[in-house]
Amino acid sequence: MKPAPFEYHRPTSLAETFDLLDRYGDDGRILAGGQSLVPALNLRLASPRAIIDINRLPELDAIRETSDGLVIGALVRHDALEHSALVRERAPLIAAAVVHVGHSAIRARGTLGGSLALADPAAELPACAVALDATIRVSRRGGARDITAGEFFRGVYTTALTPGEIVTAITVPAVAPGWRWAFDELARRHGDFALAGLAAGARVESGAIVEARLVLFGVGGTPVRARGAESALAGRRPAAAVLTAAGAALDRDLDPPGDIHGSPALRRHLAGVLLARVVRRLTEERP
Ligand SMILES: Cc1cc2nc3c(=O)[nH]c(=O)nc-3n(C[C@H](O)[C@H](O)[C@H](O)COP(=O)(O)OP(=O)(O)OC[C@H]3O[C@@H](n4cnc5c(N)ncnc54)[C@H](O)[C@@H]3O)c2cc1C
């Protein structure tokens, strides 16, 4: 199918973008990598009056180290995240996760900002943003506001963005010493959206988890912080009994949906498998 006719605009400044957003209101849609929007247009699941292509906006495709942490522009493509030495060093969780996003052709176009703004509950990068306690910068005419990732995702395909706002960057805070990161997901085939996934970090001392951040995806409307499982692991070595208790706590943390891809019971089971794998990886001895 072909998309319904639309007007096409390619602003070259944020001011021009905000003018267009004001002009079209709900009838204007931002186009970034187009990997989700273009299929939606082609299937006529979306038929906006105007497409506002932000790919020519300057400076939104930079990755910079600042005193606040690592700042990643909204237009940074998935494959740029994959290949950035700065991301590998300062946000290894993102580097580990992004290779699971679709296939290389999709990663060549898809953007970080698009993934966050779309808020697909099975997407990898929103969960990483929550696990990393990242801040999402949202800009509008006359200003910007910073929203913690934990508050940004409100529901299935729903965020804290209000009309006239766009995502311009995220900041990943510098991580305190002793933190380790691990990512895993289970999908039917590589490149498919995950049935369940886990983005995790832990401060590990002498083989024991001092504190942990566990964020699951594909098991709820938004990334789900597994606070019960985090508490069950805190201050402990990952002995079998601890893992069993953490698994039981994780089960209480989750209320997964069922759909044609998997039942709630399957998703709970997969989440437990991921927890055991990721905890093992976080606590294994390193040279
Ligand atoms: C076959 C296939 C497999 C895929 N597999 C995965 C996967 O496993 N995991 C995964 O996470 N994704 C997957 N995707 C989606 C892909 O990662 C997209 O890149 C991503 O979801 C959206 O990013 P985009 O830059 O392409 O956004 P677009 O498609 O351009 O836009 C998506 C939505 O976000 C809005 N938007 C975009 N940028 C901004 C911004 N800066 N501010 C405000 N609103 C904005 C748009 O208006 C639109 O509503 C897959 C896509 C395909 C086609």
Side-chain angles (χ1 to χ4, degrees), residues 3 6 8-11 14 17-18 20-21 24-43 45-57 59-61 72-82 94 96-130 136-140 144-145 147 152-153 156-170 183-197 199 217-218 222-223 261:
F6 54 81
Y8 174 79
H9 298 274
R10 194 164 61 191
L14 277 175
T17 306
F18 299 137
L20 290 161
L21 286 170
Y24 291 103
D26 285 347
D27 266 345
R29 286 291 283 275
I30 297 289
L31 173 74
Q35 297 306 292
S36 298
L37 182 57
V38 170
L41 294 173
N42 286 343
L43 292 168
L45 296 172
S47 43
R49 188 150 70 88
I51 292 292
I52 304 165
D53 177 349
I54 60 171
N55 283 276
R56 292 287 169 91
L57 292 188
E59 291 172 19
L60 293 193
D61 61 353
I72 308 176
L75 284 178
V76 170
R77 313 271 169 201
H78 301 325
D79 68 358
L81 292 172
E82 188 181 337
I94 291 180
V98 75
V99 294
H100 294 271
V101 176
H103 306 280
S104 57
I106 288 151
R107 296 197 293 274
R109 293 297 306 163
T111 65
L112 174 63
S115 180
L116 300 177
L118 184 67
D120 188 309
E124 290 81 0
L125 297 175
C128 291
V130 176
I136 297 172
R137 170 147 290 205
V138 160
S139 300
R140 62 181 186 283
R145 61 189 179 117
I147 308 172
F152 183 77
F153 301 102
V156 178
Y157 299 117
T158 307
T159 68
L161 280 170
T162 59
E165 289 184 323
I166 68 167
V167 174
T168 44
I170 81 165
F183 180 93
D184 207 346
E185 69 175 44
L186 290 161
R188 289 197 186 278
R189 296 168 304 188
H190 180 77
D192 281 4
F193 276 99
L195 286 165
F217 58 97
T222 60
H261 303 294

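Remember, it's a predicted structure, so these values are computed and weren't measured experimentally. Numbering of ligands and ligand atoms starts at 1, following listing order.
Here the protein heavy atom with the shortest distance to atom 46 (C) of ligand 1 is I30 O, 2.9 Å.
Among G110, G114, G102, the residue whose heavy atom lies nearest to atom 19 (O) of ligand 1 is G110. Around atom 9 (N) of ligand 1, the closest heavy atom drawn from R107, Q35, E124, R109 belongs to E124.
Distances from ligand 1 to the non-hydrogen atoms of H78 include at least one value under 4.0 Å. At a 4.0 Å cut-off, at least one heavy atom of H100 sits close enough to ligand 1 to count as contact. Contact annotation: D192 has at least one heavy atom less than 4.0 Å from an atom of ligand 1. Under a 4.0 angstrom heavy-atom cut-off, L75 registers as lying outside contact with ligand 1. Not close to ligand 1: P126, with no non-hydrogen atom less than 4.0 angstrom away. The closest approach between a heavy atom of P39 and any atom of ligand 1 is not below 4.0 Å.
Of all the heavy atoms in I52 and G28, the pair that sits closest is CD1-CA, 4.4 Å.
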Result block: side-chain N/O donor-acceptor pairs under 3.5 angstrom for residues 106-117, not counting sequence neighbours:
{"unit_1": "R107", "atom_1": "NE", "unit_2": "E82", "atom_2": "OE1", "d": "3.0"}
{"unit_1": "R107", "atom_1": "NH1", "unit_2": "V99", "atom_2": "O", "d": "3.1"}
{"unit_1": "R107", "atom_1": "NH1", "unit_2": "V101", "atom_2": "O", "d": "3.0"}
{"unit_1": "R107", "atom_1": "NH1", "unit_2": "G102", "atom_2": "O", "d": "3.3"}
{"unit_1": "T111", "atom_1": "OG1", "unit_2": "G114", "atom_2": "N", "d": "2.9"}

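The distance between the ring centers of F193 and H261 does not fall below 6.0 angstrom.
Atoms of ligand 1 found under 4.0 Å from any heavy atom of R29 (numbered from 1 in listed order, with element): 47 (O), 48 (C), 49 (O). The distance from ligand 1 to the heavy atoms of G191 drops below 4.0 Å at these ligand atoms: 5 (N), 8 (O).
For ligand 1, one of its N or O atoms has an N or O atom of A32 under 3.5 Å away. Considering backbone and side-chain N/O of H103, none are found under 3.5 Å from N/O of ligand 1. Remark: ligand 1 and L37 share an N or O pair separated by less than 3.5 Å (distance only, no angle test). Considering backbone and side-chain atoms together, V167 places an N or O closer than 3.5 Å to an N or O of ligand 1. Between G33 and ligand 1, at least one pair of N/O atoms sits closer than 3.5 Å. In terms of polar-atom proximity, I106 is not counted as a contact of ligand 1, lacking any N or O under 3.5 Å from an N or O of the ligand.
Under the rule for a side-chain hydrogen bond (donor to acceptor under 3.5 Å, both in side chains), R140 has no partner lying at least two apart in sequence or in another chain.
Ring-plane geometry between H9 and Y24 is classed as tilted, the angle between the planes lying from 30 to 60 degrees on a 0 to 90 degree scale.
N55 places a side-chain N or O within donor-acceptor distance of the main-chain N or O of A32, the cut-off being under 3.5 Å.
Around CZ of R145, the count of heavy atoms belonging to other residues, nucleotides or ligands within 6.0 Å exceeds 12.
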